[in-house]
Amino acid sequence: MTKEELKQKVCDAIDKRAEDIMSFGTSVFDEPELGYKETKTSAKVQEAMDKLGIPYTTGWAITGVKGRLKGKNSKRTVAVMGELDSIVCRRHPSADPVTGAAHCCGHFIQISDMLGVAMALKDAGAMDYLGGDVVFFAVPSEECIEIEYRKKLMDEGKIHFFGGKQEIILQGGFDDIDAAMEMHAYSTDDPEGNIILNGGMSGFITKLIEYHGKAAHAAGQPHLGINALNACMLGIMGVNALRETFQEKDHVRFHPIITSGGDLVNVVPDLVRMESYVRAASADAMKFYNDRINRALRAGADAIGATCEIKDMPGYLPMEQDKALGKICEANADAIFGKDHVDTNPPFNAGSTDVGDICNLMPCIHPHVGCVHGALHSAEFELFQKQAAYIKTTKVMAMTVIDLLYDNAAGLEDILKDYKPRMTKEQYLAYMDSLRS
Ligand SMILES: [Zn+2]
């Protein structure tokens with residue numbers, strides 16, 4: 001069978017599995033779970049792999065699942081990834097009434113597409129023609145949220161990183177993988193849906209900030225207290241005064257939330273807790289602005305005699321996708337989405353993903369697929385282009401896997417012969433630990 005015939009056979013298999021792929025997506029969408037707690041979603045993935053007869057291992061970053069289809073040989077391995085977690089968006093119509101979790105970032109689509117690729121390669125008997133294995137990696141905890149909760153897991157030794165892929169890098173789960181890909185949903189006005197390739201994204205440093213003051217009666221004796229909430233507000237205002245020095249090229253973002261702003265209304269708050277990131281387009285810029293922001297935050301405490309404790313911890317690295325792998329994906333995207341619906345030169349995206357970390361270690365791509373209305377992470381998030389999300393994207397990824405592994409993995413070997421990772425795994429782990437304060 002020629003490569004083109006194999007691609008056609010796999011695409012036909014995806015069409016036949018359309019109902020299975022979409023209903024899996026709906027099932028995950030209906031039961032959103034937060035990072036490192038995705039037990040039901042993980043069980044669904046395991047059940048789907050059981051049904052397909054795909055062997056897998058579990059326990060990757062607590063809830064992760066790693067399935068593997070073997071090719072003619074196992075010289076090389078390509079990973080298709082999907083994320084298990086959701087975010088909190090209490091006003092989303094589908095939000096879990098207890099946890100507030102809702103799939104407003106579209107990770108339910110990734111997981112379905114990952115399984116769609118598995119179904120199609122299996123149904124079409126494609127692995128007999130591929131010179132390498134395909135790993136289907138369901139990864140936990142892409143959203144870097146609930147920092148206090150995760151810091152507790154960290155202190156208990158249950159995790160070392162906030163991001164699931166980072167944790168799996170540490171566990172060695174990517175040691176036997178040569179290239180990786182993962183799609184991500186995006187907002188679009190294109191009624192037919194579109195696909196966005198090669199985009200860069202920011203990295204960030206994660207921060208836990210505490211202001212300590214002194215409690216006193218809020219009305220009778222406020223002169224005996226030190227108001228930690230005022231210190232916190234001054235700290236934020238200090239950062240706001242710095243914003244005019246943020247250079248556009250660095251795409252700096254500081255977006256704190258106060259997770260505890262005092263206990264009782266008639267007591268001067270003596271403890272205020274805040275979480276934030278400092279995001280920027282490069283690792284150097286992340287550190288540069290983080291130092292200045294920390295100075296401003298501390299100054300808020302100094303102004304009124306409070307104290308400020310800042311814990312900096314590694315977030316994610318800026319994302320730079322592999323161009324050679326992107327080219328292969330582009331040809332398949334042109335064929336499936338149509339050239340008019342493929343954007344190869346998008347503006348920089350100041351968001352972040354732990355796929356950025358993977359991009360430092362191996363050739364990796366992260367296409368954004370325009371298939372939703374409303375902003376990501378918002379109550380208006382709504383998947384409207386199911387065909388683009390579930391079928392076209394799955395075809396593009398499956399075809400790209402075939403391009404990489406057909407003919408004794410000639411396509412992948414071609415990429416790897418010129419490829420030099422930006423970091424080894426050891427350098428990566430050492431660098432990430434250097435970001436801890
Ligand atoms: Zn996401």
Side-chain angles (χ1 to χ4, degrees), residues 25 28-29 31-38 41-42 45 61 63-64 79-89 92 94-96 99-115 137-147 150 161-168 180-188 193-197 199-204 206 253 255 277 279 315-319 321 346 348-359 364-385 388-390 393 397:
V28 173
F29 179 82
E31 286 190 287
E33 296 176 297
L34 299 177
Y36 290 131
K37 305 173 194 168
E38 313 96 326
T41 315
S42 176
V45 170
T63 54
V80 179
M81 302 182 289
E83 290 154 1
L84 294 160
D85 61 328
S86 66
I87 62 150
V88 172
C89 187
H92 195 277
S94 73
D96 183 298
T99 64
H103 267 292
C104 307
C105 200
H107 297 182
F108 62 103
I109 304 168
Q110 295 173 8
I111 285 285
S112 312
D113 289 5
M114 177 199 79
L115 286 171
F137 224 143
V139 289
S141 188
E142 188 276 333
E143 305 289 350
C144 187
I145 55 174
E146 298 189 300
I147 310 300
R150 291 190 197 173
F161 289 113
F162 294 131
K165 296 181 195 72
Q166 305 179 309
E167 194 67 14
I168 294 172
M181 67 187 77
E182 179 189 88
M183 66 78 73
H184 198 291
Y186 213 66
S187 314
T188 189
N194 61 341
I195 184 162
I196 303 159
L197 306 173
M201 292 179 81
S202 282
F204 65 91
T206 312
R253 296 281 192 277
H255 40 77
Y277 309 159
R279 303 198 205 225
Y316 302 162
L317 292 183
M319 184 173 76
Q321 303 185 48
F348 188 83
N349 182 329
S352 312
T353 167
D354 56 1
V355 177
D357 296 55
I358 303 293
C359 288
C364 178
I365 52 169
H366 187 251
H368 278 105
V369 176
C371 57
V372 305
H373 286 152
L376 301 187
H377 294 195
S378 83
E380 290 75 36
F381 177 100
E382 186 189 14
L383 170 61
F384 78 95
Q385 228 320 330
Y390 288 122
T393 308
M397 290 202 294

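Counting from 1, the numbers follow the sequence of the chain as shown. Indexing begins at 1, ligand by ligand and atom by atom, following the structure's order. If you're wondering where the values come from, they're calculated on a predicted model, not measured in any experiment.
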- line: Residues at least two apart in sequence or cross-chain that pass ring-ring contact (aromatic ring centres under 6.0 Å, His included) with F204, listed by chain then number, are Y277, Y316
- prompt: Mind checking what makes ring-ring contact (aromatic ring centres under 6.0 Å, His included) contact with F108, not counting sequence neighbours?
  reply: F29, H103
query: Between the side chains of R279 and S352, does any donor sit under 3.5 Å from an acceptor?
result: yes
Closest approach of I168 to P140 (non-hydrogen atoms, all atoms of both residues): CD1-CD, 4.1 Å
- line: In short, A102 meets H92 closest at the heavy-atom pair CB-CB, 3.9 Å
Got a list of side-chain donor-acceptor pairs under 3.5 Å for residues 364-377, not counting sequence neighbours?
residue	atom	partner	partner atom	Å
H366	NE2	E182	OE1	3.4
H377	NE2	E143	OE1	3.4
H377	NE2	E143	OE2	3.3

- request: At a cut-off of 2.8 Å, list the protein N/O/S atoms near the Zn ion (ligand 1), residue plus atom name.
  value: C105 SG, H107 NE2, H184 NE2
